[in-house]
Amino acid sequence: MEIKHGRNSFFDGGLFSYIGWNLLGIILTACTLGICYPWALCLVYGWKINHTVIAGHRMHFHGSAVGLFGNWIKWLLLSIITLGIYLFWVGIKLEDWKAKNTSFMN
């Protein structure tokens, strides 16, 4: 069981690594004209989730950019077919995908 400052739920990521991962994601997305955006999301999600401890148990993100990219294409097609209406659900679907790919390490 992990404890930090007497608490068993905490986040132990640092500011400079947060900025670095986000900058890397922005650069990656810009250089590939958005094609690698799912990979950038996985980088940032992984960093956030892997630095989170809940009730003494460290969380682990095991999602892959390939898995997210497949969903991304499906969501894009559904958004086009529904003339953008499906975009209201994309954020919810993304959160569901993130939760599905998150587990406790111990």
Side-chain angles (χ1 to χ4, degrees):
M1 178 174 289
E2 292 190 48
I3 296 176
K4 182 178 180 181
H5 303 295
R7 297 178 303 162
N8 62 355
S9 294
F10 57 89
F11 179 79
D12 62 2
L15 176 63
F16 291 115
S17 60
Y18 177 70
I19 292 170
W21 283 113
N22 277 289
L23 281 175
L24 178 63
I26 290 168
I27 292 167
L28 183 68
T29 301
C31 289
T32 62
L33 303 176
I35 293 172
C36 287
Y37 182 63
W39 190 57
L41 283 179
C42 286
L43 287 175
V44 175
Y45 287 162
W47 180 83
K48 287 179 181 178
I49 292 169
N50 292 337
H51 285 278
T52 302
V53 175
I54 304 290
H57 302 285
R58 184 164 296 276
M59 298 177 75
H60 175 68
F61 180 72
H62 49 81
S64 72
V66 173
L68 181 56
F69 191 78
N71 284 320
W72 207 252
I73 296 299
K74 178 177 70 176
W75 299 335
L76 176 65
L77 292 174
L78 285 169
S79 297
I80 292 169
I81 291 169
T82 62
L83 304 175
I85 294 172
Y86 193 77
L87 288 172
F88 291 109
W89 282 270
V90 170
I92 294 168
K93 292 294 186 181
L94 191 56
E95 289 299 319
D96 183 48
W97 179 85
K98 187 169 48 168
K100 183 172 66 171
N101 288 286
T102 301
S103 58
F104 288 106
M105 287 184 69
N106 45 12

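Keep in mind that the numbers below use all heavy atoms, side chains included, and drop hydrogens, waters and symmetry copies.
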Completion exercise
Between the NZ atom in Lys93 and the CG atom in Leu78, the distance rounded to the nearest 0.5 Å is 9.5 Å

Handout entry: Tyr37 atom OH: more than 12 heavy-atom contacts under 6.0 Å
Key = no

Exercise for the section: Please work out which of the three classes, parallel, tilted or perpendicular, describes the rings of Trp47 and Tyr18, given edges at 30° and 60°. Expected result: tilted

Handout entry: Closest heavy-atom pair and its distance - Gly67, Ser64
Key = N-OG, 3.1 Å

Exercise for the section: Determine, stepwise, if the pair Glu2 / Phe10 fulfils side chain to side chain contact (heavy atoms under 4.5 Å, CB included). Expected result: CA-CA 9 Å; Glu2 292 190 48; Phe10 57 89; 4.0 Å; yes

Exercise for the section: Starting from the C-alpha separation in whole Å, work towards a yes-or-no answer on side chain to side chain contact (heavy atoms under 4.5 Å, CB included) for Leu41 and Trp72. Expected result: CA-CA 11 Å; Leu41 283 179; Trp72 207 252; 4.2 Å; yes

Exercise for the section: Kindly say whether Phe11 contributes a backbone atom to a donor-acceptor pair with the side chain of Thr52 at under 3.5 angstrom? Expected result: no

Fill in the blank from the handout: Between the OH atom in Tyr45 and the CG atom in Asn101, the distance rounded to the nearest 0.5 Å is 11.0 Å

Exercise for the section: Determine the minimum heavy-atom distance between Leu28 and Ala40, stating which atoms define it. Expected result: CD2-N, 4.2 Å

Fill in the blank from the handout: Minimal heavy-atom distance between Pro38 and Ala65, with the atoms involved, is CB-O, 4.1 Å

Completion exercise
The side chain to side chain contact (heavy atoms under 4.5 Å, CB included) partner of Arg58 among Val53, Asn50, Ile49 is Val53

Handout entry: Joint cluster assignment, Leu87 & Ile85, ILVMFWY side-chain distance < 4.5 Å
Key = yes

Handout entry: Which atom of Ser103 lies closest to which atom of His62, heavy atoms considered
Key = OG-CD2, 3.6 Å

Exercise for the section: Decide if atom CH2 of Trp21 counts as having more than 12 heavy atoms of other residues, nucleotides or ligands within a radius under 6.0 Å. Expected result: no

Practice task
Treat each ILVMFWY residue as a node, draw an edge where side-chain heavy atoms are under 4.5 Å apart, and state whether Leu23 and Leu15 are in one component.
Solution key: yes

Exercise for the section: Start with the C-alpha gap between Ile80 and Leu76, add the side-chain angles, then the distance that decides, and say whether side chain to side chain contact (heavy atoms under 4.5 Å, CB included) holds. Expected result: CA-CA 6 Å; Ile80 292 169; Leu76 176 65; 4.1 Å; yes

Problem - Criterion side chain to side chain contact (heavy atoms under 4.5 Å, CB included) on Phe104 and Met59, from CA distance to verdict - result: CA-CA 4 Å; Phe104 288 106; Met59 298 177 75; 3.8 Å; yes

Exercise for the section: Find the distance between SG (Cys31) and CD1 (Ile26) and round it off to the nearest 0.5 Å. Expected result: 11.5 Å

Exercise for the section: Can you measure from CD1 (Ile27) to SG (Cys36) and round to the nearest 0.5 angstrom? Expected result: 13.0 Å

Exercise for the section: Determine whether Phe88 and Tyr86 fall in the same hydrophobic cluster, where Ile, Leu, Val, Met, Phe, Trp and Tyr are linked whenever their side-chain heavy atoms lie under 4.5 Å apart. Expected result: yes

Problem - Atom of Met1, atom of Ala55 and distance for their closest heavy-atom approach - result: CE-O, 4.0 Å

Fill in the blank from the handout: Paired with Trp97, the ring-ring contact (aromatic ring centres under 6.0 Å, His included) test is passed by just one of Trp89, Phe61, Phe69, namely Phe61

Completion exercise
Between Leu24 and the options Val44, Thr29, Leu43, the side chain to side chain contact (heavy atoms under 4.5 Å, CB included) test singles out Leu43

